[in-house]
Amino acid sequence: MERKEFLALIGAGATSITLFHCAGCSKHSDNPGMTAPSGVNFTLDLTDSANASLLNIGGSLAKNGVLVARTSSGSYIAVQQSCTHESFSLIYHVSAQLFLCNKHGAAFNENGMVVNPPATKNLTVYNTNLTGNSLTVYS
(Lines give C-alpha, C1' and ligand atoms only; values in the text may rest on other atoms or scores of the structure.)
Protein backbone atom coordinates (compact mmCIF):
# COMPACT_ATOMS: atom_id res chain seq x y z
CA MET A 1 0.00 0.00 0.00
CA GLU A 2 1.33 3.38 -0.94
CA ARG A 3 1.39 6.38 1.34
CA LYS A 4 -1.37 8.14 -0.62
CA GLU A 5 -3.74 5.16 -0.27
CA PHE A 6 -2.94 4.84 3.45
CA LEU A 7 -3.75 8.50 4.10
CA ALA A 8 -7.01 8.22 2.13
CA LEU A 9 -8.06 5.22 4.26
CA ILE A 10 -7.27 7.05 7.49
CA GLY A 11 -9.25 10.08 6.32
CA ALA A 12 -12.28 7.96 5.42
CA GLY A 13 -12.14 6.19 8.79
CA ALA A 14 -11.95 9.45 10.72
CA THR A 15 -14.87 10.85 8.74
CA SER A 16 -16.96 7.75 9.49
CA ILE A 17 -16.21 7.95 13.21
CA THR A 18 -17.07 11.66 13.29
CA LEU A 19 -20.35 11.16 11.44
CA PHE A 20 -21.31 8.24 13.69
CA HIS A 21 -20.48 10.22 16.83
CA CYS A 22 -22.41 13.32 15.73
CA ALA A 23 -25.51 11.48 14.55
CA GLY A 24 -27.13 12.26 17.90
CA CYS A 25 -25.70 15.77 18.25
CA SER A 26 -28.71 17.71 17.05
CA LYS A 27 -29.97 20.31 19.50
CA HIS A 28 -33.41 20.09 21.03
CA SER A 29 -33.52 23.82 21.60
CA ASP A 30 -36.78 25.08 23.07
CA ASN A 31 -38.68 21.94 22.16
CA PRO A 32 -40.28 20.68 25.36
CA GLY A 33 -42.22 18.06 23.42
CA MET A 34 -38.98 16.15 22.97
CA THR A 35 -38.10 16.17 26.66
CA ALA A 36 -41.34 16.16 28.67
CA PRO A 37 -42.87 12.74 29.26
CA SER A 38 -46.59 12.35 28.72
CA GLY A 39 -49.01 9.97 30.37
CA VAL A 40 -47.12 10.21 33.65
CA ASN A 41 -48.62 8.13 36.44
CA PHE A 42 -46.48 6.58 39.16
CA THR A 43 -46.50 6.29 42.94
CA LEU A 44 -43.54 6.66 45.28
CA ASP A 45 -43.51 4.90 48.64
CA LEU A 46 -41.93 7.47 50.94
CA THR A 47 -40.95 4.74 53.42
CA ASP A 48 -38.76 3.12 50.74
CA SER A 49 -35.08 4.06 51.20
CA ALA A 50 -34.81 4.80 47.46
CA ASN A 51 -37.22 7.70 47.97
CA ALA A 52 -35.83 8.91 51.32
CA SER A 53 -34.57 12.20 49.86
CA LEU A 54 -38.19 13.35 49.57
CA LEU A 55 -38.63 13.21 53.33
CA ASN A 56 -36.38 16.28 53.69
CA ILE A 57 -37.22 19.86 52.77
CA GLY A 58 -35.38 20.55 49.51
CA GLY A 59 -34.96 16.87 48.76
CA SER A 60 -35.53 15.72 45.21
CA LEU A 61 -35.31 12.71 42.97
CA ALA A 62 -35.73 11.90 39.31
CA LYS A 63 -37.93 9.11 38.04
CA ASN A 64 -39.34 8.33 34.59
CA GLY A 65 -38.18 11.70 33.21
CA VAL A 66 -39.82 13.63 36.05
CA LEU A 67 -38.07 15.59 38.80
CA VAL A 68 -39.98 15.43 42.10
CA ALA A 69 -39.03 17.83 44.90
CA ARG A 70 -40.14 18.81 48.39
CA THR A 71 -40.58 22.56 48.78
CA SER A 72 -39.74 24.76 51.75
CA SER A 73 -43.41 24.60 52.80
CA GLY A 74 -43.26 20.79 52.83
CA SER A 75 -45.44 20.25 49.78
CA TYR A 76 -44.37 18.20 46.76
CA ILE A 77 -43.92 19.44 43.21
CA ALA A 78 -43.05 17.60 40.02
CA VAL A 79 -41.76 18.90 36.69
CA GLN A 80 -40.12 17.45 33.63
CA GLN A 81 -36.54 16.47 34.45
CA SER A 82 -34.98 18.12 31.38
CA CYS A 83 -34.42 21.78 30.62
CA THR A 84 -36.51 23.05 27.72
CA HIS A 85 -33.46 24.79 26.25
CA GLU A 86 -31.26 21.81 25.38
CA SER A 87 -32.57 18.90 27.44
CA PHE A 88 -29.92 18.91 30.19
CA SER A 89 -31.02 17.63 33.60
CA LEU A 90 -32.40 20.11 36.09
CA ILE A 91 -31.72 20.36 39.80
CA TYR A 92 -33.94 21.84 42.49
CA HIS A 93 -32.66 24.61 44.79
CA VAL A 94 -35.04 24.95 47.71
CA SER A 95 -33.47 28.16 49.06
CA ALA A 96 -34.05 29.94 45.75
CA GLN A 97 -37.30 28.05 45.07
CA LEU A 98 -36.04 27.34 41.56
CA PHE A 99 -35.31 24.53 39.16
CA LEU A 100 -31.92 25.24 37.59
CA CYS A 101 -29.99 24.00 34.58
CA ASN A 102 -26.29 24.05 35.43
CA LYS A 103 -25.28 23.76 31.78
CA HIS A 104 -26.48 27.15 30.47
CA GLY A 105 -28.04 28.87 33.51
CA ALA A 106 -31.72 28.59 32.66
CA ALA A 107 -33.99 28.86 35.71
CA PHE A 108 -37.64 28.03 36.31
CA ASN A 109 -39.85 28.86 39.28
CA GLU A 110 -41.83 26.25 41.21
CA ASN A 111 -44.73 26.72 38.77
CA GLY A 112 -42.43 25.73 35.90
CA MET A 113 -42.28 29.21 34.40
CA VAL A 114 -39.02 30.48 32.87
CA VAL A 115 -37.40 33.13 35.06
CA ASN A 116 -33.95 33.14 33.45
CA PRO A 117 -32.99 32.48 29.81
CA PRO A 118 -31.69 30.97 27.60
CA ALA A 119 -34.80 28.76 27.93
CA THR A 120 -37.93 30.37 26.53
CA LYS A 121 -40.44 27.55 27.08
CA ASN A 122 -41.93 26.70 30.47
CA LEU A 123 -41.52 23.30 32.05
CA THR A 124 -44.27 20.72 32.01
CA VAL A 125 -45.64 20.51 35.55
CA TYR A 126 -47.24 17.33 36.88
CA ASN A 127 -49.81 16.83 39.62
CA THR A 128 -48.88 15.33 42.97
CA ASN A 129 -51.10 13.73 45.60
CA LEU A 130 -49.90 12.57 49.01
CA THR A 131 -51.96 9.86 50.72
CA GLY A 132 -50.30 8.55 53.86
CA ASN A 133 -46.77 7.53 52.79
CA SER A 134 -47.66 7.26 49.09
CA LEU A 135 -46.91 10.15 46.75
CA THR A 136 -48.62 9.83 43.38
CA VAL A 137 -47.29 11.84 40.44
CA TYR A 138 -49.54 12.08 37.39
CA SER A 139 -50.35 14.09 34.25
Side-chain angles (χ1 to χ4, degrees):
M1 177 183 301
E2 289 191 24
R3 182 172 187 245
K4 191 182 233 183
E5 292 172 305
F6 175 76
L7 292 175
L9 280 173
I10 289 176
T15 300
S16 296
I17 290 170
T18 301
L19 288 175
F20 176 77
H21 175 72
C22 287
C25 291
S26 64
K27 291 184 179 179
H28 302 299
S29 183
D30 291 323
N31 190 346
M34 296 187 82
T35 59
S38 60
V40 169
N41 189 0
F42 60 87
T43 300
L44 300 169
D45 178 355
L46 298 179
T47 63
D48 185 341
S49 62
N51 305 322
S53 63
L54 292 175
L55 297 175
N56 302 314
I57 299 295
S60 65
L61 65 81
K63 180 170 179 155
N64 301 335
V66 176
L67 181 60
V68 183
R70 189 159 186 199
T71 67
S72 59
S73 68
S75 63
Y76 293 94
I77 53 177
V79 300
Q80 71 186 73
Q81 182 182 354
S82 301
C83 180
T84 59
H85 173 239
E86 287 189 355
S87 301
F88 289 97
S89 292
L90 299 172
I91 55 175
Y92 178 66
H93 281 275
V94 68
S95 60
Q97 298 179 324
L98 294 173
F99 292 96
L100 300 173
C101 177
N102 283 334
K103 185 67 176 181
H104 297 115
F108 307 84
N109 67 20
E110 291 178 339
N111 295 320
M113 297 176 64
V114 175
V115 295
N116 193 53
T120 59
K121 304 276 186 193
N122 295 334
L123 296 174
T124 298
V125 178
Y126 302 97
N127 300 301
T128 61
N129 183 45
L130 181 63
T131 304
N133 290 318
S134 295
L135 178 66
T136 302
V137 179
Y138 59 98
S139 299

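Positions are given from 1, in the same order as the sequence printed here. The structure presented is a predicted model; accordingly, all values stated were derived computationally and were not measured. Worth knowing before you read on, the calculation uses all heavy atoms, side chains too, and leaves out hydrogens, waters and symmetry mates.
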Test Y126 against S139 for side-chain contact (heavy atoms from CB on, under 4.5 Å), laying out the working first.
CA-CA 5 Å; Y126 302 97; S139 299; 4.0 Å; yes
Please test V114 against T120 for side-chain contact (heavy atoms from CB on, under 4.5 Å), starting from the C-alpha separation and ending with a verdict.
CA-CA 6 Å; V114 175; T120 59; 5.8 Å; no
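Looking at N111, its side chain never comes within 3.5 Å of a backbone N or O of M113 through a donor-acceptor pair. With hydrogens and angles disregarded, no donor-acceptor distance shorter than 3.5 Å links the side chain of T84 to the backbone of L123. N64 contributes no side-chain N or O that, together with a main-chain N or O of V40, makes up a donor-acceptor pair within less than 3.5 Å. No donor-acceptor pair closer than 3.5 Å links the side chain of N129 to the backbone N or O of T136. Between the side chain of N116 and the main chain of A106, no donor-acceptor pair closer than 3.5 Å is present.
The two residues N56 and R70 have their closest heavy-atom pair at O-CB, 3.5 Å. Nearest heavy atoms, A78 versus V137: CB-CG1, 3.7 Å. The minimum heavy-atom distance linking S60 with L54 is given by the pair CA-CD2, 3.9 Å. Here the closest non-hydrogen pair linking A36 and T124 is CB-OG1, 3.3 Å.
In this pair, Y92 and F99 present their aromatic rings tilted. The plane angle is within the 30 to 60° band.
Between L46 and Y76 there is a side-chain heavy-atom pair separated by less than 4.5 Å.
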